[in-house]
2 protein chains.
Amino acid sequence: VTGPPRTPCPDGYASGMTVPAYRRLSVEQRRSQLIRAALGLFARRVPEEVSLDDVAVEAGVSRPLVYRYFPGGRQQLYEAAVRSAAEELERCFDEPRTGPLTRRLARALRRYLAFVDEHDTGFVALLRGGGVVARTDAIVDGVRRAAAAQILLHLAVPRPGPRLRMTVRTWITAVEGASLIWLDEGKQPDVEELCGWLLDHFVALLVATAAHDTQTAEVVRGALAQEPADGPVGILARRVLPVVGDAAHLLAPSTKT
Amino acid sequence: VTGPPRTPCPDGYASGMTVPAYRRLSVEQRRSQLIRAALGLFARRVPEEVSLDDVAVEAGVSRPLVYRYFPGGRQQLYEAAVRSAAEELERCFDEPRTGPLTRRLARALRRYLAFVDEHDTGFVALLRGGGVVARTDAIVDGVRRAAAAQILLHLAVPRPGPRLRMTVRTWITAVEGASLIWLDEGKQPDVEELCGWLLDHFVALLVATAAHDTQTAEVVRGALAQEPADGPVGILARRVLPVVGDAAHLLAPSTKT
């Protein structure tokens with residue numbers, strides 16, 4: 001295993017097939033190009049069905065070139081692709097900490113769901129594990145941890161307690177699970193509706209946790225004060241009221257039991 | 001691969017080690033005994049570190065006996081153990097369809113969490129995938145589907161629409177994720193608190209979905225009518241009110257935008 005060349009080098013020539021005219025690229029540019037080509041293939045096929053030869057064809061470069069950049073073969077290419085995807089995913093949650101919480105979260109969610117939409121089969125394979133994928137578990141966990149840390153920063157809690165941490169981590173799991181279900185259901189409903197529902201899920205879960213955790217209750221009070229009436233939380237509140245309105249008996253505890 | 005013997009047969013004898021006196025067991029009883037022993041080991045060690053020899057020691061039987069029942073080796077034993085665990089898990093959600101919904105769900109959740117608590121490392125390995133585990137994905141998916149179908153039966157909706165289905169499936173993913181986080185956090189908080197929080201999560205998510213889906217809204221209305229004021233939904237409602245009470249501005253949409 002020699003690793004990719006450290007200085008720009010002339011690319012090889014594909015023999016016997018038509019190839020787009022080569023541009024001179026730096027090592028980093030070439031590497032990115034190959035990883036992009038691989039991610040394009042992983043989006044449509046399971047990792048086991050993508051060979052370095054396929055990547056060469058997809059990128060329009062010679063096979064020896066791909067082998068030179070990824071001497072570790074398919075596994076090395078796959079790990080590099082997953083690492084690149086993980087960096088992109090972690091950037092999804094990078095959002096200025098101003099304005100109503102749901103507006104920030106909606107922007108992050110839209111970026112995340114666009115990633116899921118684009119990567120499709122590769123996203124499923126990555127999260128389902130097994131086969132060539134297994135060694136990337138730690139990378140995926142890193143993304144989950146980064147997303148949880150970012151959300152806790154947005155909640156502006158210096159020392160989040162176990163209940164608030166579990167709430168955020170569980171919601172991230174739920175977003176992941178819902179994304180897989182969404183792909184499984186042929187991408188229904190549309191991304192905007194899914195995004196809105198996941199936001200409502202976050203608000204509902206946070207409010208439910210607040211019922212038994214004073215720290216989360218403080219977070220909810222602070223966040224609600226900043227939400228505009230015409231934002232998603234206002235709409236949710238006004239639509240929920242008539243549904244639960246008939247259950248007034250729940251607000252008056254019985255004297256039995 | 002010949003499969004286990006089809007008629008009761010005398011067990012082999014362990015040589016060179018002390019072994020508890022053999023009882024005569026039927027083929028099915030012996031098979032169950034070996035699977036129980038294997039599950040006991042998987043609860044403490046990752047599957048890759050459990051050999052058929054270990055199972056023989058754990059069950060107090062001879063090594064040839066274990067190999068006779070599982071001629072396919074470790075993979076066959078592991079799959080049999082996972083199938084047995086899956087059957088136990090599916091029974092968790094088997095609950096009479098009478099009484100308040102949260103009471104039924106709480107009983108199912110308690111059985112599920114007892115399973116998670118008991119199987120521990122094996123539960124994590126199973127859901128994390130990779131290695132010897134990969135081929136059991138379909139069994140795990142079967143449990144998820146069975147759990148979703150059971151919950152939809154309890155919601156008493158003849159033809160559940162996509163939003164209600166996604167709500168139930170996503171919550172099941174969240175329960176799974178929360179169970180893994182719970183194990184990761186050294187089983188904190190205690191099972192009763194975790195169970196209560198997962199129930200609140202279900203109620204909150206169902207109510208949030210009801211905001212935009214008339215079918216779910218009907219389910220919520222029907223379920224709330226059956227909930228007693230001193231049950232978990234009543235407690236949740238009364239504890240949530242003071243937290244969201246300061247956000248009255250959300251109920252009056254502004255005329256801007």
Side-chain angles (χ1 to χ4, degrees), chain A residues 128-131 133-135 137 162-163 166 169-174 176-178 180-182 185 188-189 193 196-197 200-201 203-205 207-212 217 220-221 224-225 227-230 233-241 243-244 246-247 249-254 256-257, chain B residues 128-131 133-135 137 162-163 166 169-174 176-178 180-182 185 188-189 193 196-197 200-201 203-205 207-212 217 220-221 224-225 227-230 233-241 243-244 246-247 249-254 256-257:
Chain A
R128 299 232 128 209
V133 179
R135 283 166 53 187
D137 274 357
R163 282 162 196 80
M166 184 174 260
R169 288 179 73 185
T170 299
W171 180 72
I172 287 169
T173 309
E176 226 179 271
L180 289 171
I181 295 165
W182 180 69
E185 299 259 350
Q188 292 299 321
E193 188 181 330
W197 181 70
D200 287 353
H201 185 165
V203 173
L205 181 55
V207 168
T209 304
H212 295 275
V220 168
R221 280 199 185 89
L224 289 185
E227 291 290 328
D230 45 20
V233 186
I235 296 170
L236 179 66
R238 292 193 300 277
R239 280 175 164 261
V240 156
L241 270 190
V243 178
V244 301
D246 294 341
H249 69 287
L250 293 176
L251 299 181
S254 83
K256 297 175 297 174
T257 314
Chain B
R128 299 233 128 208
V133 179
R135 282 166 54 187
D137 274 358
R163 282 162 197 80
M166 184 174 259
R169 291 179 71 185
T170 299
W171 180 72
I172 287 169
T173 308
E176 227 179 90
L180 289 172
I181 295 165
W182 180 69
E185 300 259 350
Q188 291 300 321
E193 188 182 330
W197 180 71
D200 287 352
H201 184 166
V203 173
L205 180 55
V207 168
T209 304
H212 294 275
V220 169
R221 280 198 184 88
L224 290 184
E227 291 290 328
D230 44 20
V233 186
I235 295 169
L236 178 66
R238 292 192 301 276
R239 281 175 163 259
V240 156
L241 270 189
V243 178
V244 300
D246 293 341
H249 69 286
L250 293 176
L251 299 181
S254 83
K256 298 175 298 175
T257 316

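Order of the sequence lines sets the chain letters (A, B, ...), proteins ahead of strands, with each chain counted from 1.
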Can you find a heavy atom in the side chain of His201(B) that is under 4.5 Å from one in the side chain of Thr170(A)?
-> yes
Please look at Trp182(B) and chain A and tell me whether the side chain, the backbone, both or neither of the residue comes under 4.5 angstrom of a heavy atom of that chain.
-> both
Between Ala217(A) and chain B, which part of the residue has a heavy atom less than 4.5 Å away: side chain, backbone, both or neither?
-> both
Evaluate the criterion side-chain contact (heavy atoms from CB on, under 4.5 Å) for residue pair Val244(A) and Leu224(B); output intermediate values, then yes/no.
-> CA-CA 8 Å; Val244(A) 301; Leu224(B) 290 184; 3.9 Å; yes
Counting only heavy atoms closer than 4.5 Å, note whether Ala204(A) contacts chain B via side chain, backbone, both or neither.
-> both
Under 4.5 Å from any heavy atom of chain B - which part of Glu193(A) = side chain
Using non-hydrogen atoms and a 4.5 Å limit, figure out which bit of Asp246(A) sits close to chain B: side chain, backbone, both or neither.
-> side chain
Contacting region of Ile235(A) [heavy-atom separation from chain B under 4.5 Å] = side chain
Identify which of Ala174(B), Ala211(B), Pro189(B) forms the greatest number of heavy-atom pairs closer than 4.5 Å to chain A.
-> Ala211(B)
If you round to the nearest 0.5 Å, how far is CH2 of Trp197(B) from CG of Leu205(A)?
-> 5.0 Å
For His249(A) and Glu227(B), indicate whether the former's side chain and the latter's backbone hold a donor-acceptor pair under 3.5 Å.
-> yes
Rounded to the nearest 0.5 Å, how far does CG of Leu180(B) lie from OG1 of Thr173(A)?
-> 8.0 Å
